Protein chains: 2
Amino acid sequence: MTTEERIQKQKEVVEQIGRHFDKEGFQPIAGRILGLLLVMDKEKYTFDEIIEELQISKSSASNALRNLEIRGDIEYITLPGDRKRYFRFRKHHSGSIIEDIEKKLNNLRELSMAILQLKADPQSENAKYLIEMQHSLGVFLESIAQSKLKLQSDK
Amino acid sequence: MTTEERIQKQKEVVEQIGRHFDKEGFQPIAGRILGLLLVMDKEKYTFDEIIEELQISKSSASNALRNLEIRGDIEYITLPGDRKRYFRFRKHHSGSIIEDIEKKLNNLRELSMAILQLKADPQSENAKYLIEMQHSLGVFLESIAQSKLKLQSDK
DNA sequence: TTATTGGTTCGGTATGTTGTGAACTAAATA
DNA sequence: TATTTAGTTCACAACATACCGAACCAATAA
């Protein structure tokens, strides 16, 4: 694979990553920026380089970058004697994907417990379903806890 | 807790469930319908009851119900000699939450492998991050597999 | 002091989403 | 055959979002 080809493919993956993050609730441009910072060989981009590479306006870039920074997905550094900011992908510690899932499932479990407690008939179809679901969630959350321990000890 | 109070609380939980499903990408009304069918003691609702309960238009109800049915989240039954459809929550087998997560993580892993393969420098910061993430995902997917086995045998 | 650089903020447009009411349809009933 | 029931479809209004260009600002350079 030539360098050209590789770069071409990288740009396609930037687009894919963009779509991935769209689905996670990011705005399209924010997804593309994240993709750019993560995928390309150059891992630090200036504001102007981002605009140039993605062909977007300054205002769009400004807004998306601010949002991404607030969310903690990117960060920037500055170099002495250089007013430009260099943006880069911010490594959330790698367990955070798992922790997000954990949080969501705990949430779901609590919701389902709230529903169950308000059921007049604890033998109703939905009540039985909720009980089963809570069991599954319990098993799953348990295994998440174990994964976390294992990852901790791997370090 | 009186029945009145209980019903009041159930309605609040319907709203909560609605918001939960909103976040999962459902349209607001669809989330409320799902909440209604799942939370209230009456676990089968007709079209008109849904409209009445949620104070929504026929067209909104019609659309949301069609979408929910296509997605497999609800189903309806009909009774002989009764033209009305009775909608109810459809129990997806309780592992499906887990399977959805599994699918998403596999997706993420593939994406990150694609990125890594295109990196010129496999020692770059992002490359190292991706490798670490893939390790975490591997551990986690392994434990998901175990959870699934355990749930299988619990049955 | 003026000009340039590196952005931010503002106002507006284009697009997409949600929901509505009204007209419609198909089946059952009178 | 006419009417009612149970919903569907259509056209549109209201609202949200995503982005852009232009004006602006603050810091540095000339």
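Note: hydrogens, waters and symmetry copies are ignored here, and every other heavy atom, side chains too, is used. Convention: sequence-line order gives letters A, B, ...; per-chain numbering from 1. These numbers come from a predicted model, not from an experiment.
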Checklist entry - Which heavy atom of B:Ser112 sits nearest a heavy atom of B:Met133, and at what distance? => result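 Scanning both residues, the minimum pair turns out to be CB-CE, 3.6 Å.
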Item to check | Residue pair A:Ala64 / A:Gln27: nearest heavy atoms and the distance that separates them | outcome: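 Minimum heavy-atom contact is CA-OE1, 3.7 Å.
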Item to check | Short side-chain N/O contact from A:Arg85 to OP1 or OP2 of D:dA27, under 4.0 Å | outcome: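 No, because none of the side-chain N or O atoms of A:Arg85 sits under 4.0 Å from OP1 or OP2 of D:dA27.
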Checklist entry - With respect to the phosphate group of C:dT17, does any side-chain polar atom (N or O) of B:Gln27 fall under 4.0 Å of OP1 or OP2? => result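 Looking at the OP1 and OP2 atoms of C:dT17, neither is under 4.0 Å from any side-chain N or O of B:Gln27.
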Length of the [atom1]-[atom2] vector between [X] and [N], whole Å:
{"X": "B:Glu49", "N": "D:dA6", "atom1": "CD", "atom2": "C1'", "value": "13 Å"}
{"X": "A:Arg83", "N": "C:dA3", "atom1": "CZ", "atom2": "P", "value": "17 Å"}
{"X": "B:Asn63", "N": "C:dT17", "atom1": "CG", "atom2": "C1'", "value": "12 Å"}
{"X": "A:Phe26", "N": "D:dT17", "atom1": "CZ", "atom2": "C1'", "value": "16 Å"}
{"X": "B:Phe47", "N": "C:dA27", "atom1": "CZ", "atom2": "C1'", "value": "16 Å"}
{"X": "A:Lys58", "N": "C:dT4", "atom1": "NZ", "atom2": "P", "value": "14 Å"}
{"X": "B:Ile50", "N": "D:dG7", "atom1": "CD1", "atom2": "C1'", "value": "12 Å"}
{"X": "B:Ile56", "N": "C:dT18", "atom1": "CD1", "atom2": "P", "value": "14 Å"}

Which nucleotide in the list [options] gets nearest to the side chain of [X]?
{"X": "B:Asp48", "options": "D:dA6, D:dC19, C:dG7", "result": "D:dA6"}
{"X": "B:Ser57", "options": "C:dT8, D:dA26, C:dG21", "result": "C:dG21"}
{"X": "B:Ser60", "options": "D:dA18, D:dG7, C:dG19", "result": "C:dG19"}

Next on the checklist: For A:Ser143 and B:Gln146, which I'm curious about, is there any donor-acceptor pair between the side chains at under 3.5 Å?
Outcome noted: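 B:Gln146 and A:Ser143 do not have a side-chain donor-acceptor pair below 3.5 Å.
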Item to check | Expected output: side-chain B:Lys84 to main-chain B:Leu79 donor-acceptor under 3.5 Å | outcome: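 No; judged by distance alone, with no hydrogens or angles, the pair does not exist.
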Checklist entry - Can you find a donor-acceptor pair, distance only, under 3.5 Å between A:Ser59 side chain and D:dG21 base? => result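 Check passes, donor-acceptor contact within cut-off.
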Next on the checklist: For C:dG6, does the base pair up with any side-chain atom of A:Lys84 as donor and acceptor (N or O, under 3.5 Å, distance only)?
Outcome noted: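 Side chain to base: no pair below 3.5 Å.
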Checklist entry - Once the angle between the rings of A:Phe21 and A:Phe26 is folded into 0 to 90°, is it parallel (under 30°), tilted (30 to 60°) or perpendicular (over 60°)? => result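 The arrangement is perpendicular - the two ring planes meet at more than 60°.
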